[in-house]
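A short worksheet on the structure shown next.
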Amino acid sequence: MSLKHNLLRKKPIPIIQDGEVRTALKKQLGVMDLIVLGVGSIVGTGIFVLTGVTAATHAGPGLIVSFLLAGLVCAFCALCYAEFASSVPVTGSAYTYSYSTFGEGFAWLMGWDLLLEYGFASALVSSSWSGYVQSILGGFGIHLPTAITSAFNPGKGTYVDIPAIFIALLITWIVSRGAKESTRLNTFMVYLKVAVILLFIGVGIFYVKPENWTPFLPFGMEGVMTGAAIAFLAYIGFDVIATAAEEVKQPQKSLPIGILGSLLIVSVLYIAVTAVLTGLVPYNLLNVKDPVAFALLYIQQDWMSYFISLGAIAGLTTVLMGVMFGQSRLLYALGRDGLLPKKMSSVNPKTKSPEFSTWVSGICIAVLSGFVPLGNLADLASIGTLFAFITVSLGIIVLRKTHPDLKRSFRVPFVPWLPLIAVLSCVYLLTTLQRITWIGFIIWIGIGIIIYAIYGYRHSALAKDESSDRP
């Protein structure tokens with residue numbers, strides 16, 4: 001077989017028998033589980049931090065429009081994910097979709113790209129969680145030794161972030177217990193987070209001063225568009241739902257509802273919080289790390305600051321849980337396809353969950369968050385996500401051409417135009433990323449190519465199937 005053939009060989013669209021794909025994982029998730037997983041994976045630092053800084057420096061009260069535009073673009077991408085999820089309900093998200101539409105070589109790069117997204121996102125959230133917890137402990141007069149409060153930076157006297165390692169390993173243990181068990185804690189934390197957000201909206205709305213919304217566009221439409229580019233990143237996380245495909249009871253119906261339902265809920269929360277926040281405080285005063293808590297202090301509602309801190313910690317915990325869940329399932333899919341060692345696809349016979357890949361994922365994230373100062377490389381999580389969105393959106397156009405008769409319980413309207421709008425929007429956002437981000441991404445992809453050439457190319461399960469079929 002030629003190199004070109006091997007790189008472009010495609011995984012057949014899974015045969016769906018009686019509405020389900022055969023899998024070793026336990027099918028136990030319903031629609032509400034997926035919606036909670038989605039909301040938990042999305043709502044975190046975006047709503048508790050990003051709103052204030054972006055309003056103060058880019059969009060002003062017009063950030064309301066920015067979140068609306070960003071939510072619309074994400075909706076276009078989510079529609080594409082929903083169609084793929086309803087027609088190819090298999091673990092792996094954009095990686096698996098790429099395998100069926102563009103071929104093995106590109107699929108591996110997409111899987112490697114998603115590992116970058118999930119890995120850095122998890123490490124960043126672990127570090128943020130550590131910061132919030134240390135802040136609350138400081139409020140009670142409890143201060144950890146400086147050496148164990150942050151990643152390795154001898155100049156500042158820090159060597160390891162123990163709280164970040166703790167939360168990464170704790171969440172790893174919870175996720176390793178199985179999808180249903182991890183979603184129980186996730187559900188509780190999501191409800192707590194949403195309750196705190198609704199409390200802020202419910203109390204804050206009575207203190208809103210409409211004059212704070214004037215001028216509505218202090219930075220013009222250019223500021224609104226910049227705000228939309230930043231706000232877009234606050235929506236990242238709904239794609240994690242697609243990684244749970246093989247653990248969903250009725251994937252063809254439940255996955256689209258879970259993806260679109262969670263995105264709708266998050267959009268309403270983001271827009272409502274932004275409207276109340278900019279109505280409480282003049283936008284130019286919101287350039288702070290904790291804008292929601294600051295706004296409550298501004299209107300002299302100090303009693304709520306503790307609840308806001310709890311909401312922030314709950315939000316970060318659920319984001320970490322969702323992203324780590326997604327990465328473990330991705331490693332499982334890569335191992336099952338032979339592109340990584342088969343051990344990655346091993347399933348605990350009791351919990352029916354990919355326990356080994358979960359712990360590999362968790363330990364790597366613990367090391368990253370505990371020892372590595374991430375700095376500007378934080379945007380690597382964003383660039384990985386944007387490339388995944390582009391791939392899935394283009395994949396819908398390709399799949400409509402190559403498999404026009406494929407059973408789809410959900411269809412994206414206005415193909416190819418709507419997917420193309422999603423692609424162009426993501427391309428625009430890619431142009432706003434820093435040079436260091438692109439350099440880091442190219443290096444990561446280069447490492448992925450080397451790993452595929454050394455291991456995946458030779459151990460691919462699809463290649464072995466082709467060999468066994470030859471006379």
Side-chain angles (χ1 to χ4, degrees), residues 40-42 44-45 91-95 107-130 151-152 160-161 164-176 182 233 236-240 242-244 316-335 339-341 344 354 356-389 391 433 436-452 456:
S41 301
I42 301 171
T45 53
T91 290
S93 186
Y95 155 71
W108 162 254
L109 291 180
M110 180 49 54
W112 189 245
D113 166 75
L114 288 174
L115 289 177
L116 173 75
E117 172 197 341
Y118 293 150
F120 274 96
S122 297
L124 285 168
V125 174
S126 297
S127 298
S128 298
W129 188 94
S130 172
F152 187 79
V160 59
D161 192 337
I165 292 177
F166 167 77
I167 190 59
L169 294 179
L170 176 62
I171 296 301
T172 300
W173 178 77
I174 293 171
V175 172
S176 71
S182 61
L233 304 180
I236 289 174
F238 67 82
D239 55 319
V240 170
T243 66
L316 292 170
T317 302
T318 59
V319 170
L320 181 59
M321 192 176 298
V323 176
M324 289 182 70
F325 179 93
Q327 186 175 52
S328 65
R329 271 53 182 177
L330 175 61
L331 285 171
Y332 167 83
L334 288 167
L339 302 184
L340 286 179
M344 291 292 182
F356 181 79
S357 63
T358 300
W359 278 104
V360 169
S361 171
I363 291 171
C364 289
I365 289 166
V367 171
L368 267 178
S369 60
F371 295 95
V372 182
L374 299 177
N376 290 331
L377 294 180
D379 282 346
L380 283 170
S382 301
I383 197 171
T385 302
L386 289 168
F387 271 103
F389 286 0
T391 300
L433 297 176
I436 184 65
T437 303
W438 280 97
I439 293 174
F441 180 72
I442 291 171
I443 292 173
W444 178 260
I445 292 299
I447 295 172
I449 292 173
I450 294 172
I451 292 176
Y452 177 72

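If you're wondering where the values come from, they're calculated on a predicted model, not measured in any experiment.
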**OP:** Give me the ring orientation class for Trp108 and Trp112: parallel if the planes are under 30° apart, tilted from 30 to 60°, perpendicular past 60°.
**Re:** parallel
Subject >> Geometric class of the Phe238/Phe389 ring pair [parallel <30°, tilted 30-60°, perpendicular >60°] >> reply: parallel
Are the side chain of [X] and the backbone of [Y] linked by a donor-acceptor contact shorter than 3.5 Å?
{"X": "Thr318", "Y": "Gly40", "value": "yes"}
{"X": "Thr358", "Y": "Pro354", "value": "yes"}
{"X": "Thr172", "Y": "Ala168", "value": "yes"}

Can you give me the closest heavy-atom contact between [X] and [Y], atom names plus distance?
{"X": "Ile174", "Y": "Met321", "value": "CG2-CE, 4.3 Å"}
{"X": "Ile365", "Y": "Ser126", "value": "CG2-OG, 4.1 Å"}
{"X": "Gly322", "Y": "Ser41", "value": "CA-OG, 3.3 Å"}
{"X": "Gln327", "Y": "Leu115", "value": "NE2-O, 3.3 Å"}
{"X": "Ile165", "Y": "Ser369", "value": "N-OG, 4.4 Å"}
{"X": "Met324", "Y": "Ser122", "value": "CG-OG, 3.7 Å"}

4.5 Å side-chain heavy-atom contact, [X] and [Y]:
{"X": "Met344", "Y": "Val360", "result": "yes"}
{"X": "Val240", "Y": "Ile42", "result": "no"}
{"X": "Leu116", "Y": "Phe387", "result": "no"}
{"X": "Ile450", "Y": "Ile447", "result": "no"}
{"X": "Asp239", "Y": "Tyr118", "result": "yes"}

**OP:** Kindly determine whether Leu320 and Trp129 satisfy side chain to side chain contact (heavy atoms under 4.5 Å, CB included), including the steps that lead there.
**Re:** CA-CA 9 Å; Leu320 181 59; Trp129 188 94; 5.9 Å; no
Rounded distance (nearest 0.5 Å) linking atom [atom1] of [X] with atom [atom2] of [Y]:
{"X": "Asp161", "Y": "Ile167", "atom1": "CG", "atom2": "CD1", "result": "11.5 Å"}
{"X": "Leu169", "Y": "Ser176", "atom1": "CG", "atom2": "OG", "result": "11.0 Å"}
{"X": "Leu340", "Y": "Leu331", "atom1": "CG", "atom2": "CG", "result": "6.5 Å"}
{"X": "Ile363", "Y": "Leu368", "atom1": "CD1", "atom2": "CG", "result": "12.5 Å"}
{"X": "Trp438", "Y": "Ile383", "atom1": "CH2", "atom2": "CD1", "result": "4.5 Å"}

**OP:** Check Ile439, Ile443, Ile445 against Phe441 for a side-chain contact (heavy atoms from CB on, under 4.5 Å) and give me the one that passes.
**Re:** Ile445
Original post:
After noting the C-alpha distance and the side-chain angles of Leu334 and Leu330, does the key distance pass the side chain to side chain contact (heavy atoms under 4.5 Å, CB included) rule?
Top reply: CA-CA 6 Å; Leu334 288 167; Leu330 175 61; 4.1 Å; yes
